[in-house]
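Take a look at the structure set out below.
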2 protein chains.
Amino acid sequence: MGLEAVLRDMGCKVTPQRLAIYEVLKNCNMHPTAETIYNIISSDYPTMSLATVYKTLDLLKETGIIQELNIGGNTSRYDVIPKPHPHILCTKCGKIENMDISLSKNLVNKAKRTSGYDIQNFQLYFFGVCPYCRNSE
Amino acid sequence: MGLEAVLRDMGCKVTPQRLAIYEVLKNCNMHPTAETIYNIISSDYPTMSLATVYKTLDLLKETGIIQELNIGGNTSRYDVIPKPHPHILCTKCGKIENMDISLSKNLVNKAKRTSGYDIQNFQLYFFGVCPYCRNSE
DNA sequence: CCCTTATTTAATAATAATTATCTAATAACA
DNA sequence: TGTTATTAGATAATTATTATTAAATAAGGG
């Protein structure tokens with residue numbers, strides 16, 4: 001289901017701004033901040049406001065098609081969710097990458113059992129030095 | 001090695017404020033924010049300033065005896081590190097608890113292999129509804 | 001034990017990220 | 001096409017965090 005359908009489903013309006021922000025996230029693998037998205041979009045949408053970016057990101061989060069990452073620093077980053085996946089941050093250059101591994105069902109089940117929580121989601125962040133930064137030392 | 005020794009080791013001064021902030025973290029399992037720590041301490045140290053709390057937390061982070069958690073919201077939380085452990089956030093009441101499980105060596109190795117990173121650390125956050133909140137629905 | 005000095009505290013200002021407010025613009029639907 | 005509720009955009013407000021600076025103080029040498 002595309003973003004348009006999702007928005008209509010929620011009784012929200014389909015606007016060019018919303019579509020554009022989602023497109024940026026889909027086409028960009030750098031896990032941008034709200035401000036980065038704003039900068040990227042500004043050339044095509046000179047009237048776009050940063051507040052609109054924030055409001056739209058909140059909305060997209062609610063729909064569940066994007067997620068917010070809190071991987072340190074003091075700004076949130078955003079990411080489309082094709083399926084849940086861990087992230088890794090290079091502590092030298094600040095780059096954030098997707099990881100193609102998953103938590104074992106086993107671990108998640110153990111988490112449910114030991115915590116007693118009804119677990120709905122998780123975030124796994126690794127921190128380290130990327131190969132490029134390692135070579136340039 | 002206690003905090004005093006660690007500080008001396010780094011050539012830093014041992015001050016009552018630093019000890020007090022660390023004590024709060026050790027005796028408090030709620031993963032407090034800087035402001036919460038400030039409030040807790042204020043009764044004993046009426047002259048304590050919030051800036052001192054922040055600076056001390058940064059210092060304690062550097063020593064490696066505490067860690068900063070970025071588990072959403074827009075405020076950091078802090079935690080002593082007896083050993084690395086996952087955390088779980090109740091999305092109803094906002095409580096954050098330690099979890100007594102660990103990532104398998106297997107998974108970490110796979111992460112190293114597939115990413116090529118020199119992995120130094122990780123954070124694993126689960127999100128769900130705690131038993132208490134579930135019952136009071 | 002006191003003096004000296006570099007470090008730290010505390011108060012305050014500054015910055016940065018995010019949220020709230022409010023008016024003009026616009027998507028949706030009759 | 002017109003009406004209306006929603007949204008965008010501009011701006012102000014709020015919140016978290018960091019920087020600045022003068023006064024206070026811990027640590028080591030005499």
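In what follows, chains are A, B, ... by sequence order, proteins preceding strands, each numbered from 1. Small disclaimer: the values here were computed from a predicted structure and weren't measured.
- Separating the NZ atom of B:K13 from the P atom of D:dG28 is a distance of 9 Å, rounded to the nearest angstrom.
- In terms of position along DNA chain C, the nucleotide closest to B:T47 lies nearer the 5' end than the nucleotide closest to the other residue of the pair A:E68 and B:T47.
- Distances shorter than 4.0 Å separate none of the side-chain N or O atoms of A:T15 from OP1 or OP2 on D:dT6.
- Here the side chain of A:E35 is nearest to one of D:dT18, C:dA17, C:dA27, namely C:dA17.
- Taking only side-chain atoms of A:K55, from C-beta outward, the nucleotide of C:dA27, C:dT8, D:dG9 with the closest atom is D:dG9.
- Around atom CG of B:N27, more than 12 heavy atoms belonging to other residues, nucleotides or ligands sit under 6.0 Å away.
- The side chain of B:Y54 places no N or O atom within less than 4.0 Å of a non-bridging phosphate oxygen (OP1 or OP2) of D:dT18.
- With D:dA27, D:dA10, C:dT9 as the candidates, the nucleotide lying closest to the side chain of A:A51 is D:dA10.
- Among C:dT9, D:dT17, C:dT12, the nucleotide with an atom closest to any side-chain atom of B:T52 is C:dT9.
- Note on B:R8: every side-chain N or O is 4.0 Å or more away from OP1 and OP2 of D:dA26.
- Here A:Q17 does not reach the OP1 or OP2 of C:dT26: none of its side-chain N or O atoms lies under 4.0 Å away.
- Residues B:Y45 and B:Y54 are members of one and the same hydrophobic cluster, defined by side-chain heavy-atom contacts under 4.5 angstrom among Ile, Leu, Val, Met, Phe, Trp and Tyr.
- Closest to the A:C12 side chain, of the nucleotides D:dT7, D:dA27, D:dT17, is D:dT7.
- Nucleic acid contact for A:T75: sugar-phosphate only, since backbone atoms but no base atoms lie under 4.0 Å from a heavy atom of the residue.
- Using a 4.0 Å heavy-atom distance criterion, A:T33 is classed as making no nucleic acid contact.
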